[in-house]
Amino acid sequence: MIRRIALPAGENIPVLGQGTWHMGEIREQREAEIGALRLGLELGMTLIDTAEMYAEGDTERLVGDAISGRRDEVFLISKVLPSHATHRGTIDACAASLRRLKTDRLDMYLLHWRGSVPLRQTVEAFVELKERGWIRHWGVSNFDVMDLDELRQIPSGSEVQTDQVLYNLARRGPEYNLLPWCREQDLPVMSYSPIEQGELLSHPAVRGVAERNDITPAQVALAWVLRQPLVCAIPKSGSAARVEENAGAAAIRLGPQDLTELDRAFPPPIKARPLETL
Ligand code: NDP
């Protein structure tokens with residue numbers, strides 16, 4: 001059973017979900033990727049994160065196939081590109097995502113990152129999409145504290161349900177002010193690239209903690225992210241074996257010695273830094 005955390009709206013989401021960036025890009029890998037996502041659902045990683053940007057829509061098409069017949073089990077997230085995020089553009093982008101995903105609703109719709117369109121327009125569109133029943137919740141991605149503050153000032157801005165950001169052992173900046181700010185507002189943070197796209201797995205400190213606990217480096221990196229309250233992680237894997245490994249991280253609690261060693265190798269921030277993005 002994967003632990004769950006509550007959105008401000010009251011609904012619970014699993015702390016481990018599945019990313020999909022780069023899925024659907026290579027035809028020969030498509031079946032394996034669909035199989036991996038389906039296995040993830042069986043293992044309780046029922047939150048799936050995708051975006052209109054990924055593989056220019058092909059990732060959403062793949063996700064649509066993967067969840068076919070199982071839509072009700074899934075908490076489905078997609079994202080609108082900032083260049084589409086005008087009022088009209090957001091509605092149209094959502095319609096296109098729904099078509100590619102072969103569904104009538106998204107559980108969460110995120111603004112992928114902040115662009116030049118005034119936030120107010122995007123939020124108005126999100127509100128309209130909710131009224132139409134096309135989306136159930138909305139949130140943002142790559143928003144720093146100042147952006148979230150600004151969002152809260154605009155009408156309906158406080159309906160935001162999550163901020164999806166780059167947060168992992170190698171990217172601890174959010175611990176200084178973003179995570180505390182979100183915790184104070186009961187706003188869950190979604191950690192993307194939680195294993196730094198695989199880069200963390202060969203780090204000696206990560207390997208050391210993994211060996212001592214008889215777990216894998218990916219499980220160390222994921223369990224480390226999940227030690228935070230109100231944080232969930234969305235690792236991506238197109239391999240069934242690695243999906244199973246990642247799901248196993250939900251049950252792992254790192255001990256004080258593990259955390260001390262990881263702090264030594266990846267020191268926590270001592271001053272505010274701008275939010276990093278990929
Ligand atoms: P991740 O940190 O999830 O790493 C994914 C990479 O690690 C893949 O190459 C995968 O390969 C490999 N991998 C996964 N599990 C394991 C494992 N157990 N052992 C070894 N290798 C492993 O990076 P992502 O950038 O994909 O981030 C996760 C998700 O977050 C994305 O897929 C996307 O949905 C979202 N995202 C959102 C962004 C935003 O701006 N909002 C930006 C970036 C990501 P393989 O598939 O072969 O297993």
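Start at 1 and go down the list; that is how both ligands and their atoms are numbered. Heavy atoms only: backbone and side chains are in, while hydrogens, waters and symmetry mates are out.
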Task: Ion pair Glu128/Arg132, N-O distance below 4.0 Å - done: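 Looking at Arg132 together with Glu128, the answer is yes, because their closest N to O distance falls below 4.0 Å.
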
TODO: Identify whether the distance between the nearest side-chain nitrogen and carboxylate oxygen of Arg152 and Asp149 falls below 4.0 Å.
DONE: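 Not counted as a salt bridge, because no side-chain N and carboxylate O are separated by less than 4.0 Å.
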
TODO: Could you go through the side chain to side chain contact (heavy atoms under 4.5 Å, CB included) check for Arg273 and Tyr176 one step at a time?
DONE: CA-CA 8 Å; Arg273 298 180 204 151; Tyr176 193 81; over 6 Å; no

TODO: Kindly tell me which protein residues have any non-hydrogen atom under 4.0 angstrom away from an atom of ligand 1, grouped by chain and ordered by number?
DONE: Gly19, Thr20, Trp21, Asp49, Tyr54, Lys79, His112, Ser141, Asn142, Gln164, Tyr192, Ser193, Pro194, Ile195, Glu196, Gln197, Gly198, Leu201, Ala218, Ile234, Pro235, Lys236, Ser237, Gly238, Arg242, Glu245, Asn246

Contacts under 3.5 angstrom, residues 262-271 side chains, donor-acceptor by atom type, not counting sequence neighbours:
| unit_1 | atom_1 | unit_2 | atom_2 | d |
| --- | --- | --- | --- | --- |
| Asp263 | OD1 | Arg172 | NH1 | 2.7 |
| Asp263 | OD1 | Arg172 | NH2 | 3.2 |

Task: Whether Tyr167 and Trp224 hold their rings parallel, tilted or perpendicular, with breakpoints at 30° and 60° - done: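 Rings of Tyr167 and Trp224: tilted, as their planes differ by 30° to 60°.
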
Task: N/O donor-acceptor pair under 3.5 Å between Gln164 side chain and Tyr192 backbone - done: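 Pair absent, no side-chain N/O of Gln164 close to backbone of Tyr192.
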
